[in-house]
Number of protein chains: 2
Amino acid sequence: MELSERKKKILQYVIDDYIQTAVPVSSKSITEKHLTTVSSATVRSELSTLEELGYLMQPHTSAGRVPSIEAYKLYVSELMVKEKLSEKELEYIEEAFTNRSKDVDDILKSAAKVISELTQYTSVALSARDSEEIIRSVKMFRVRKSEALLVIVTDNKLLKDSVIALPDGMTDDTLGELNQLLENVISGKTFNEICSMKFSETVEEFQAYKEVFFKVVEALREYIASEGEVVLEGEEKMFAHPEYSDIDNVKSLMSVVTSKDKLVDLMSADGKDIMINIKIGSDGYDDIPSDCSVVTATYLTNGVKIGTYGVIGPTRMDYKKVVSVLENVGKILESIVSKW
Amino acid sequence: MELSERKKKILQYVIDDYIQTAVPVSSKSITEKHLTTVSSATVRSELSTLEELGYLMQPHTSAGRVPSIEAYKLYVSELMVKEKLSEKELEYIEEAFTNRSKDVDDILKSAAKVISELTQYTSVALSARDSEEIIRSVKMFRVRKSEALLVIVTDNKLLKDSVIALPDGMTDDTLGELNQLLENVISGKTFNEICSMKFSETVEEFQAYKEVFFKVVEALREYIASEGEVVLEGEEKMFAHPEYSDIDNVKSLMSVVTSKDKLVDLMSADGKDIMINIKIGSDGYDDIPSDCSVVTATYLTNGVKIGTYGVIGPTRMDYKKVVSVLENVGKILESIVSKW
DNA sequence: GTTAGCAGTCAAGGGCTTCGAGTGCTAACA
DNA sequence: TGTTAGCACTCGAAGCCCTTGACTGCTAAC
């Protein structure tokens, strides 16, 4: 059943007010603040049909109304009026990303911080592992006598993670040859391709150090198989919201937020090309407490995932604010990365 | 005034019991569990003198006794009987550090995790920045056309943090020359020496790219000036302790734990060569809430700081357990690092 | 110095009452 | 048919009182 315009308006008022105040919304307050042309009794009867339709709930008989999960969903998809960020906020975002080292990890941290600061919710950033990303360069640099640092360059990233042990007596020249081989065989391919390749013929000419070669391949495979890095920001911000004055709620949210696995699970967007993804309430996600929402955005440049960012907080979340912040951060992020 | 043996024993019983149960300790429970030879009235009179001396407090008239900050201090320095870790626990520590990449950051994380798991408190690890550490090697590796990765090797660490922009048209040969210069001028010196050096003559021969040279020097100086990395583990563990069933306590502890500056401040050992450092209660440290304790250990190899590790939790902390865990982790850590 | 006995204190918890915000229902009106 | 005023009803929140029980401090005797 399609809701009448007035019902939609009233529902929107209830949700907006509730998001702001965290107090059940009464018929009287609606007629006072928004719908001054009708009486509270009229609103009351509208509210009671909205309740029958499953959009509103009463904590108890003599209380105002509180939105249901259904209502939040409708709100996000239809009712919500997106917020424009203030000049100050836009500047703040801009500033946070200028003069930043171009490292993905740094960007991850900055983004998490900005999002948490502007939304006042706990934010999560997850660096992406996109197996379709093209490897532009793989090189080993000798850092100690028998250790080399493996550096992988892709369009979006510069990885410098694995330290690889070199066999005794490997000369700089041999290392150079090996690097040349790596360049020839691996550069230009995606991680996926590397994973499915065999390399048996490729390395024939290089018997002596094939062991090291396979260590490199192994490191590439391990990288793409591993879950991305997770950054958390503003854990303490949850305390500002009244739902987390109850210790049990804090506990259950904390248990999610401190578990990397659960977070990765939550952040995995189930949408295809949907950029912004909203998970409300228990809604089938076992990992989040039932009164929790997660809003995430996955950013792409040139079709390659650069990361997933989001906030986690009470169902009564300021969705319009969060969505605006995520969209704006996304724009800047993509403009930075695409410059590389 | 020196306490009688019996008073010391009784005080120890009170503290041990209180650490375990979090409930004020009554005279009766002491005679039942520990001092079966005397009556509760006797213990009562001892307790009341211990209270006069400032070692014990009563939450209210008809409650048992609770240790004061003074009592905890005495406990830690004299009364406490150090705990031997179980075989299982020792194995757990051992295992956590085997098959680990030799990266300082990884070790930092592992250590924080182990400490938190074994003590069941929130743990903090702070990677040290020791300006007396000798730089063994500084090298730039070209990763993109106009970007080089700066890798710094010291006895204890492998740093690969800064990406340095190269001027257009810098050839590999020039980069090689620059690396040679870096090797000549910087290797073998401490960070401190680098900071106070001028380099004006050194680079005369290298006018063309002195700009890049100074970027490298700048990166070294920045590194040593920056505060170390902070790793936090087991934030959620604080909820297991009854003092943190009160939301306000959680808030105030969280506000410390989520602020890097405050943590760095707290972790800075004020001891000279004291390895284990205990800060109890408000005790002059503005940053910690008054009912908090911080126990830290600073580990050295070859006289160089490798990091500071510790736990933060309620004043009613299981000091003997924490100290044992920190000591054992320290041993393993040093044996690993000294192998490099 | 130690002990038994007893009176005194105080937090915790259960039950009771009051207060007020907000609703549902109904009858009347446009 | 939609809107409104009025009134009775409901129920959580907060305050209050009382009971209970766990301790202690004190005192007098050993």
Side-chain angles (χ1 to χ4, degrees), chain A residues 1-11 13-15 17-18 21-68 71 242-243 245-247, chain B residues 1-11 13-15 17-18 21-68 71 242-243 245-247:
Chain A
M1 158 191 168
E2 187 59 27
L3 296 178
S4 72
E5 269 318 298
R6 192 171 68 179
K7 284 200 180 59
K8 280 188 186 169
K9 272 280 166 227
I10 290 179
L11 188 54
Y13 294 146
V14 172
I15 302 177
D17 277 17
Y18 187 67
T21 63
V23 171
V25 182
S26 73
S27 54
K28 199 174 152 208
S29 76
I30 292 179
T31 56
E32 278 167 359
K33 280 193 254 174
H34 308 286
L35 258 189
T36 42
T37 53
V38 297
S39 80
S40 68
T42 310
V43 173
R44 219 142 51 221
S45 76
E46 295 281 59
L47 290 176
S48 91
T49 52
L50 281 168
E51 184 168 354
E52 274 169 38
L53 292 171
Y55 290 115
L56 295 177
M57 298 180 306
Q58 279 184 297
H60 56 88
T61 333
S62 64
R65 256 75 173 202
V66 163
S68 70
E243 21 279 276
S245 56
D246 176 11
I247 196 82
Chain B
M1 156 192 172
E2 185 61 24
L3 296 178
S4 72
E5 268 320 298
R6 192 170 70 179
K7 283 201 181 59
K8 279 188 188 171
K9 273 282 166 225
I10 290 179
L11 188 53
Y13 294 145
V14 172
I15 301 177
D17 277 17
Y18 186 67
T21 63
V23 171
V25 181
S26 73
S27 53
K28 198 175 153 208
S29 76
I30 292 179
T31 56
E32 277 167 0
K33 278 193 256 176
H34 308 286
L35 259 188
T36 41
T37 54
V38 297
S39 81
S40 68
T42 311
V43 173
R44 219 139 55 218
S45 78
E46 295 281 59
L47 289 176
S48 93
T49 52
L50 281 169
E51 184 169 353
E52 273 169 38
L53 292 170
Y55 290 114
L56 293 178
M57 298 180 306
Q58 278 183 297
H60 56 87
T61 332
S62 66
R65 256 75 171 202
V66 162
S68 71
E243 20 278 276
S245 57
D246 176 11
I247 195 82

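In what follows, chains are A, B, ... by sequence order, proteins preceding strands, each numbered from 1.
- For the helix from C/dG1-D/dC30 to C/dA30-D/dT1, the angle separating the two terminal helix axes comes to 20°, with each axis derived from five pairs and the value rounded to 10°.
- Between the CE atom of B/M57 and the C1' atom of C/dC10 there is a distance of 17 Å, given to the nearest Å.
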Show me the protein contacts with nucleotides 12-22 of chain C, counting only N or O atoms at under 3.5 Å.
{"from": "C/dG22", "atom 1": "O4'", "to": "A/S62", "atom 2": "O", "distance (Å)": "3.2"}

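- Partners of A/Q58 according to the side-chain contact (heavy atoms from CB on, under 4.5 Å) rule, which considers only residues two or more places apart in sequence or in another chain, are A/E51, A/R65.
- Under the side chain to side chain donor-acceptor pair (under 3.5 Å) criterion, A/S62 pairs with A/H60, not counting sequence neighbours.
- The nearest whole Å value for the distance from the CD1 atom in B/I10 to the P atom in C/dG1 is 14 Å.
- A/S27 and A/S40 get closest at one heavy-atom pair: CB-O, 3.7 Å.
- To the nearest angstrom, C1' of D/dA22 lies 12 Å from CD of B/E32.
- Between A/Y55 atom OH and A/L11 atom CG the span is 7.5 Å, to the nearest 0.5 Å.
- Of all the heavy atoms in A/T31 and A/V38, the pair that sits closest is CG2-O, 3.6 Å.
- By the ring-ring contact (aromatic ring centres under 6.0 Å, His included) test, B/Y13 is found to be paired with B/H34, residues two or more places apart in sequence or in another chain being considered.
- Atoms CG (A/L47) and P (C/dG24) sit 8 Å apart, rounded to a whole Å.
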Protein-nucleotides 1-4 of chain D N/O pairs closer than 3.5 Å?
{"from": "D/dT3", "atom 1": "OP1", "to": "A/R6", "atom 2": "NH1", "distance (Å)": "3.0"}
{"from": "D/dT3", "atom 1": "OP2", "to": "A/R6", "atom 2": "NH2", "distance (Å)": "2.8"}
{"from": "D/dT4", "atom 1": "OP2", "to": "A/S39", "atom 2": "N", "distance (Å)": "2.9"}
{"from": "D/dT4", "atom 1": "OP2", "to": "A/S39", "atom 2": "OG", "distance (Å)": "3.4"}
{"from": "D/dT4", "atom 1": "OP2", "to": "A/T42", "atom 2": "OG1", "distance (Å)": "2.4"}

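- Applying the salt bridge (Lys or Arg N to Asp or Glu O under 4.0 Å) definition to pairs two or more places apart or across chains, those involving residues 35-49 of chain B are B/R6-B/E46, B/K7-B/E46.
- Every residue two or more places apart in sequence or in another chain that forms a side chain to side chain donor-acceptor pair (under 3.5 Å) with A/T42 is listed here: A/S39.
- We find that CG of B/L35 is positioned 15 Å from C1' of C/dT3, with the value rounded to whole Å.
- Contact of the A/V14 side chain with the A/L47 side chain is registered, since non-hydrogen atoms from C-beta on lie closer than 4.5 Å.
- The separation between B/E51 atom CD and D/dC23 atom C1' is 12 Å, rounded to whole Å.
- Residues meeting the side chain to side chain donor-acceptor pair (under 3.5 Å) test with A/K28, sequence neighbours left out: none.
- For A/K33, the salt bridge (Lys or Arg N to Asp or Glu O under 4.0 Å) criterion is met by A/D17, not counting sequence neighbours.
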